[in-house]
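First the structure, in the form of structure tokens, and then the observations on it.
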Amino acid sequence: MSAPEDRADPSTPDPREARTLLYRDLRAIPTGLSGREARRRLVSYGRNELRRRGGRRWPQELRAQLTQPLALLLAVAAILAWLSGSPLLAGAIGAVVALNATFAFVQEVEAERAVEALAAYLPSLARVVRDGEHVSVDAAELVPGDVLLIDEGDRICADGRLIDGELFVDASTLTGESVPVRRSAELVDTTGPVLAARDLVFSGTSCTEGEARALVTATGMHTEIGRIAALSERVARADSPLERQVKRVAWLIAAVAVGAGLAFLPAGLAAGLGLAAAISFSVGLIVANVPEGLLPTITLALAVGVRDLARRGAVVKRLSAVETLGSTTVICTDKTGTLTENRMRAVRLWTPAGGTVEPGTTDLPDDVRLLALSAAACTTAEPGRGDPTETALVDLARRLGIDTAGRDARRRGLFGFEPHLKRMSTVDIEGSGELAVHAKGAPESIVPLCTGIGADGAPFRADDRTRIAERVESFARQGLRVLAVARRGVIAAPVDRGHAERDLRLLGLVALLDPPRSGVAEAIRDAHQAGIRVHVVTGDNGTTAAEIARQVGIGADRVVPGDRLDAMPEVDLDRLLAEPGEIVFARTSPEAKLRIADALRSTGQVVAMTGDGVNDAPALHRADIGVAMGRSGTDVAREAATMVLTDDDFGTIVAAVAAGRRVYDNIRKFIVYIFTHAVPEVVPFLVFALSGGAVPLGLTVLQILAIDLGTDILPALALGREPAEPGLMARPPRPRHENVVRPAMLARAWGFLGVISAALSFGGFLWVLHRAGWQPGDPTGVGSPLHHAYQQATTMAWLGIVACQCGTAMAVRTSRAALRQIGVLSNRRLLAGLGVGVAAALAASYLPPVQAVLGTAALPPVCLFLLATFPFVVWCADELRRAAVRHRDDRRAAGRSTPERRAPASTGASLR
């Protein structure tokens, strides 16, 4: 992406001018704005947002609905009807096309609004200095002159000039370069491209390392990213895999409909029809094969799924992700904050001289207090805010009566936590005025850097390292997280990490307790029952992670440390992941997460990967479902993820998988429902053609359209809100490449429910004609004695299809279970939709104005009584079919020997 060389907007000051001039031009001070002044500036400058300039591109979106394959097919049918001299039929089909496109367009708009509304669940926040205090505000309320606090993992949401501190920034959104660049308040550039200035930061970039303060110089459309382009203007909506599958099905239906129409055109002519009547006959076949409500119903079902997930604490950023969730086979989860509460508390302290003590003990020796003081000094958290591990150390010092006020003012250097090194260190002025390096981190990272041990700095003895390792292992077996703390005095602040973190003196160990979350064990059990394996991928100690994993029910069959994983060839990693059981990957690097995701996907697994840090972003991108933590996660991780947990709870992941399965099941349910009534709509045309016209048409094209667009839509939409079927999470995940329309669904829709519905509706048509004295070949046209009876017969067939639709809708609510298991009245939307459809159909049959259009006639009470039995015949027939399926499956299951039945989560093969 190219960027302007010079700033073109004269309304904002040059951020590269002298800092004193910049403060003057922005009317700002280093201690930040007052809240009142910030509100005044918000009115003057506007909200810190990128505005869409073109508004909704509704003409193009509406045109896209009019060019869907099924819409094009109906348009062809309308043209044929017009050419055959049936303008009323042509107009009706055209109206159906327009109404269906409008309906689909409205659903698309509602779906888009549903996804956009999810931003309210996770507002973007920024930390600023207001009224001299550090506060969090809505990022949209930043104004020029604000002092912005930037920390590792933050998304930078305004342009600014660094006041102090040093950062590494991912500026790829502006420059296209993926390597983070250094930005420092000490590196002043007054010439050259603005984006290359080493003391400036820009909206849309992310901080990958370090911390700093910046003076906000521009917001909203005045930022560099605002001037280059509003990103939302260039985001094109891509069809999800499900939508692509459905479109392929639509084209297949279109081909079948056209083929049927062309094939039966000569049949109509052979039956003695004129050319115009034969064309109308073919048009009827085409219309009968088109499920007009299919595409908009799927869109709405996915949007509803997104809303439901959001209410459960899972914010899904793409509609397409809902379908992927249902096929998840492996979850790779972090430990801290996901399986555990992420509420660290120091519960054990160990020093070389005094052994293990509890922080609550009174009269603690000086070496324990020094341990707690040094641990708290080596933090950036504040009481109640920040990294949970660091807040626990600050809380430990407070509990021991150690004053940590002024920590930041005494700091003279900071070497932030590095995932590869698993440690951090600070350089601080101590109470005596001397400088000291304080370091904390994983014991295996800190201990090798130490040459002395204890408060007096005695040299390491031969057995000291063994003693420390045994104590670490003992704490880890109790599920405690262990940190080693060290220090050394220095004369001058070290210039780099290598000089700082050497010749340290080990003060001791801090063991922290982070208890498992309530409900996680139940969620793990549900995941196993659903055929999902759960691997733990954590930076924590392997023994600690394995103990926590076992407490919540994860197998933890093997513990693979990070160094072993790093040295493992790809083929060995693939073999390891294909073996039975679940694995704890401990002390892993961010690159390891990426390798694990790649290895699992290469074997056909559908992977959900959790993460919260900056370096987790690549793995979150690569996984099928990247899951970021909404509370503890960084902005970078949230942006990279597909789904964000607002409660950071593993149980929400499993709930989201269940919701994804339910949505996908419901899509299949209304596909079966929509496809079923194609059979009773086509059969009258086939009988007419095969009888050579001796049996009149049992339906008119307008009646078919009234079914497809009138009585069909509301029940189909209601099926998208169907509750989960019993046993939903007891099934293995569906294969990644399984089509949404399966042969079994077509067999049920066309070969069973459709045949029954066709027999009932067309049988009712023949019964009404027979009662009137009709014999095959008798005329039924306008002016004939049997014409009124023929209108009643077509009304009987039409209402028969509507009645069978009611039975089909109730039948397809489950694919295997008995309807009583989910409750006959549990989907009130469906009952209301069926009621509206039946009422509309009866009104169309008995109101003279509608009778004239549809060719219907009032039916005697005996016909209505017969129609009332149709739904129960269809429903009960499918209940018997499902009972037979359950009996067959139960016999097959009973025939399997017990040793052959393995736990769903035990092997990769069982996941299929």
Side-chain angles (χ1 to χ4, degrees), residues 15-20 22-23 26 28-33 125-130 132-137 139 142 144-171 179-190 194-218 377-382 385-387 390 406-418 424-429 435 437-438 492-497 499-500 613-615 634-636:
R16 294 178 294 186
E17 66 184 358
R19 194 175 298 172
T20 54
L22 189 60
Y23 278 122
L26 289 171
I29 55 176
T31 55
L33 302 174
L125 299 178
R127 290 192 302 131
V128 296
V129 181
R130 295 266 177 93
E133 299 289 336
H134 294 187
V135 296
S136 295
V137 299
L142 284 179
D146 261 327
V147 174
L148 178 65
L149 305 175
I150 306 172
D151 202 353
E152 178 179 326
D154 287 349
R155 179 170 56 86
I156 300 170
C157 38
D159 288 3
R161 168 85 168 269
L162 293 181
I163 301 172
D164 55 49
E166 181 176 316
L167 308 168
F168 280 87
V169 175
D170 177 4
V179 178
V181 293
R182 183 186 178 199
R183 293 290 183 261
S184 172
E186 306 302 324
L187 303 175
V188 179
D189 290 324
T190 58
V194 170
L195 292 180
R198 293 175 295 173
D199 57 342
L200 300 183
V201 292
F202 300 97
S203 178
T205 63
S206 303
C207 173
T208 62
E209 185 179 343
E211 58 181 9
R213 293 192 307 156
L215 179 65
V216 174
T217 58
C378 190
T379 61
T380 58
E382 298 175 4
R385 187 178 65 81
D387 178 79
E390 294 200 341
R407 176 199 60 191
D408 295 345
R410 294 192 297 270
R411 181 159 297 159
R412 293 298 177 264
L414 170 67
F415 302 99
F417 179 80
E418 172 56 52
M424 71 170 287
S425 57
T426 60
V427 183
D428 306 286
I429 299 177
L435 285 177
V437 173
H438 297 108
V495 295
D496 58 37
R497 183 167 223 139
H499 286 84
V614 174
N615 292 324
T634 61
D635 292 336
V636 176

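Computed from a predicted structure; not experimentally measured.
- Using a cut-off of 4.0 Å between Lys/Arg side-chain N and Asp/Glu carboxylate O, Asp164 and Arg213 are scored as salt-bridged.
- When atom types are taken as modelled, the side chain of Arg183 and the backbone of Ala197 share a donor-acceptor pair closer than 3.5 angstrom.
- Minimum heavy-atom separation, Leu22 to Glu17: CA-OE2, 3.3 Å.
- Between Val147 and Pro30 the shortest heavy-atom distance is CG2-O, 3.6 Å.
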**Request:** Mind running side chain to side chain contact (heavy atoms under 4.5 Å, CB included) on Glu211 and Leu149 for me, showing each step along the way?
**Result:** CA-CA 8 Å; Glu211 58 181 9; Leu149 305 175; over 6 Å; no
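- Here the straight-line distance linking atom CZ of Phe168 with atom OG of Ser184 works out to 9.5 Å at 0.5 Å rounding.
- Judged purely by atom type and a 3.5 angstrom limit, Glu390 has no side-chain atom pairing as donor or acceptor with the backbone of Thr379.
- Between the CZ atom in Arg130 and the OG1 atom in Thr31 there is a gap of 13.0 Å [rounded to 0.5 Å].
- Not one N or O on the side chain of Asp199 forms a donor-acceptor pair closer than 3.5 Å with the backbone of Arg161.
- The line from SG of Cys378 to CZ of Phe415 is 11.0 Å long, rounded to the nearest 0.5 Å.
- For the pair Arg198 (side chain) and Leu187 (backbone), a donor-acceptor distance under 3.5 Å is absent.
- For the atom pair OG1 (Thr426) and CZ (Arg411), the distance works out to 5.0 Å, reported to the nearest 0.5 Å.
- In this structure, CD1 on Ile156 lies 7.0 Å from OG on Ser206, to the nearest 0.5 angstrom.
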**Request:** Using the side chain to side chain contact (heavy atoms under 4.5 Å, CB included) rule, take Leu162 and Leu167 through it: C-alpha gap first, then chi angles, then the decisive distance, then the call.
**Result:** CA-CA 9 Å; Leu162 293 181; Leu167 308 168; 4.1 Å; yes
**Prompt:** Step by step, would you call Val194 with Arg16 a side chain to side chain contact (heavy atoms under 4.5 Å, CB included)?
**Reply:** CA-CA 8 Å; Val194 170; Arg16 294 178 294 186; 3.7 Å; yes
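- Between Cys207 and Ile150, the closest heavy-atom pair is CB-CG2, 3.8 Å.
- For the pair Pro144 and Ala218, the tightest heavy-atom approach, listed with the atom from each and the gap, is CG-CA, 4.5 Å.
- Arg19 meets the salt bridge (Lys or Arg N to Asp or Glu O under 4.0 Å) test with no other residue; sequence neighbours excluded.
- Distance alone, capped at 3.5 Å, places no donor-acceptor pair between the Arg407 side chain and the Ala377 backbone.
- Counting all heavy atoms, side chain and backbone alike, Val437 lies closest to Pro494 at CG2-CG, 4.1 Å.
- Taken from CG in Leu142 to CG in Asp159, the straight-line distance is 11.0 Å, to the nearest 0.5 Å.
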